Amino acid sequence: MNSELFITPFNLGLYFILIYSVVRSTVWFRNLSRPDKLRLQRGFFGRPFMDSLREIFSESLLHRKIFKKNPLLGYMHMSLAFGWFLLIVFGTFEADFFGEKHLNPPSHAIFFRWFNPDHGSEGFARIYGFWMDLLLAFILSGLLLAVIKRFIPRMMGMKKTTKHTWTDRIALTSLWLIFPSRLLAESFTCGAHGSGSFLTGNMGAALASFLPAAEIAPVFWWLYSLALGTFFLLLPVSRYFHIPVELFLIFMRNSGITTGDRHSSYTEVQTHACSSCGVCIGVCQMSYAAGIHDIQSAYFIKGLRNDRDIAAITANCLMCGRCEEVCPVGIELGPMRLIERRQGEREDHKLRLAEKYTITRRRSTLEKAPTQSYGYLEREEPEKAEVLFFAGCMTHLTPSVIVAMKKIMDSAGVKYRFMDEQGGVCCGRPLMLAGRDKEARELINHNSDIIWKSGAQILVTSCPICYKVFRESYYLEATVMHHSEFINLLIEEGSLRLGYLHRKVVYHDPCELGRGSGIYDEPRAVISYVAELQQASQERNMSLCCGGSLGNLTLSSEKRALIAADAARTLTVASPDELITACPLCKKTFAQATETKVSDIAELVAAALPKPAEIAAKRRPARAAVRTSRIG
Amino acid sequence: MMSEGRANKFGFAISRSRLIDYDATDRKVREYVTLREPSFRLCFACGGCTATCTAGQHTSFNLRRMNTYIRRGEIEPLREEVTRCMLCGKCLLVCPRGVNTRNVVAVAAEAIRKLGRNEL
């Protein structure tokens, strides 16, 4: 009986995908850098392996993160993934326990009902049959939701659903066919033999009452096997490749591998682990506020996967990081985009189907030829100072912030030196965001030289853009502090005396400070100390981008204005007296987008300072303790 | 091109700085920049960008002059000029016309690179 011909498509597909997955992951492993290989090997025998199993269960099967986003969408993913998993596991048990012999080939479990049509009429087998029917119903309910989602994405809390390629569409169709064809195949067989539980049994009996069930059944068994086989064969060239690849990704991530700054096996794995679910499209301000629908991370990754020319997509992104926060797979989308920006121009190469299967390493990263050079910068000999204040380019466009910072530091008695009082040199972050790391390095070296020579222990900056690059890409002895952190430190150690302003304010987390550097609490502590802080609907890690981001080189000023207006509207819903931000660029951008007064956190604090006469009377020296260095 | 001497014969004087020599200039860069960054055409040469420029404080870099080079197709001085910008974005914020200044510089640099490889 085992020689039934219809199981061939399924067997072909299954053995193909198993061998393919093993070969491909071996190649990925071989292409890893040596330290990453060691990480993975160590991870295999340690905690990361157990953590990965736990994560695979909660994310790949239960889809916890998607559940949190939208219960219906979560249920849809869970029923398909977890349901199918259970169906395979319990199907295998069923075939092993109730079949003629134990340890059967996989096909025996998948087509169990065909081989054992009379099974499950009494006792434990009856209960087991009920359970198997229940699992099938569970999956089918998810499938129904998936079909609805394709046509009415809004029902699942999705603003837009991803547009797919033709291989994705065929794979999707075969996936959708798998379970209904199994239902019909089992029903017809059960109908012909008078067996089956509540779903297959009743449906089979109904169908058999007016159709020749025994003759029709093989048609659907063939369809079932063909759907499975097609799905498996197309898996590596469709978005469903994320199913096996995500397991590998979770294990790699838990072993401590990170994206780094060039293409590697890890970026390759992340590229294939993207399920094109489109959650990133929904949160993208470029999409819902500026009406640009083709540059979101799902499309970026898809372009990478298919080796298309995606230079325009890569450049046209605010780099705000909202998509990365919500990505259910946890792909490091920001670093991936930066790597691609560093890449030289890529030729548009439409992959043929066969090429999509072949295991080629991503074409090596050609660093862009340097176009900028700053040989004209002269070395500076700075004065010694304990605290160095670097306003940053943007802050020079908001002089009120500089005035406020001077007032605050004078009031606290901080002995500081103003590093770029006469206009300094850019921190290098804008160049890095444009993928020009080599040129940025020149500026970084220039600024580092000044900072080291000054002997400063604390480097305070008013600009989150500078802050991020100082912390991450400079090698410094000084502790880098954003001015909101520094003000908080001054308040905590009692060297800053402040009054209370009776104002209601709302705080906007700048992208580079919040998501970019994880500074959420210090600005809030400072604001709550001097004024009444309102909550915003989109804050902390889901804070909105002001639209002014330097991360996007190509976005027009009109589109920027749309994003700014939308963000300002969301922030000022509760009509606060002031909109507080901690970034000069956000301040400038918002000022043009809202009627509400926009201030920097330093200006708010400066307004709460006592009158100058009082300061002179009660001046106390600052003891700006240096915190343990976070620079690594 | 009509020589200065001949032009003078007809009673016209030619100011050197106003002279655009189409034999020596190359309009491809201008076309490339205007295509890739259409807002370039909005510039009315107010010079706000140049006044605020970070790089301009350290060198003679002048975005307004650079724009003139692009318009006129004077490639040689442009080649030098385009390398000095730090992309810091201050000019973007002060521009009263909403010109995407950073991208003008980036695209101009790209055009120069392509010109060198004969790809433009």
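Because the structure is a prediction, the values reported are computed rather than measured. Below, chains carry the letters A, B, ... as their sequence lines are ordered, and counting in each starts from 1.
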| request: Identify which part of A:Gln422 has an atom lying under 4.5 Å from any heavy atom of chain B, answering side chain, backbone, both or neither. | output: backbone
| field | Option that, when pairs with chain B are counted at under 4.5 Å, heavy atom only, ranks first among A:Ser556, A:Gly428, A:Ser557 | value | A:Ser557
| Taking every non-hydrogen atom, the tightest pair across A:Tyr376 and B:Ala55 | OH-CB, 3.4 Å
| Between B:Val99 and chain A, which part of the residue has a heavy atom less than 4.5 Å away: side chain, backbone, both or neither? | neither
| said: Quick check: closest heavy atoms across A:Thr554 and B:Glu37, and the distance to 0.1 Å? | reply: O-OE1, 4.1 Å
| remark: Of all heavy-atom pairs linking A:Cys426 and B:Thr54, the shortest is N-CG2, 3.9 Å
| query | Which value, rounded to the nearest 0.5 Å, describes the distance between B:Met86 atom CE and A:Cys427 atom SG? | reply | 10.5 Å
| Short question: side chain of A:Tyr374, backbone of B:Thr83 - any donor-acceptor pair under 3.5 Å? | no
| message | For the CG atom of A:Leu550 and the CG atom of B:Leu92, what is their distance to the nearest 0.5 Å? | response | 7.5 Å
| task | Rounded to the nearest 0.5 Å, what's the gap from CD on A:Gln592 to CG on B:Leu93? Could you check? | result | 8.0 Å
| To the nearest 0.5 Å, what is the distance between SG (B:Cys91) and CG (A:Leu397)? | 9.5 Å
| query | Which distance, rounded to the nearest 0.5 Å, do you find between the CG of A:Leu555 and the CZ of B:Arg102? | reply | 11.0 Å
| Contact origin within B:Ser39 toward chain A - heavy atom pairs under 4.5 Å | neither
| note | Scanning both residues in full, the closest heavy-atom pair of B:Cys88 with A:Pro430 reads CA-CG, 3.9 Å
| request: Start with the C-alpha gap between B:Gln57 and A:Asp420, add the side-chain angles, then the distance that decides, and say whether side-chain contact (heavy atoms from CB on, under 4.5 Å) holds. | output: CA-CA 11 Å; B:Gln57 300 217 331; A:Asp420 55 342; over 6 Å; no
| task | Give, for atom OG1 of B:Thr59 and atom CD of A:Glu378, the distance between the pair rounded to the nearest 0.5 Å. | result | 10.0 Å
| request: Using non-hydrogen atoms and a 4.5 Å limit, figure out which bit of B:Val107 sits close to chain A: side chain, backbone, both or neither. | output: neither
| Contact part of A:Leu553 toward chain B, heavy-atom cut-off under 4.5 Å: side chain, backbone, both or neither? | both
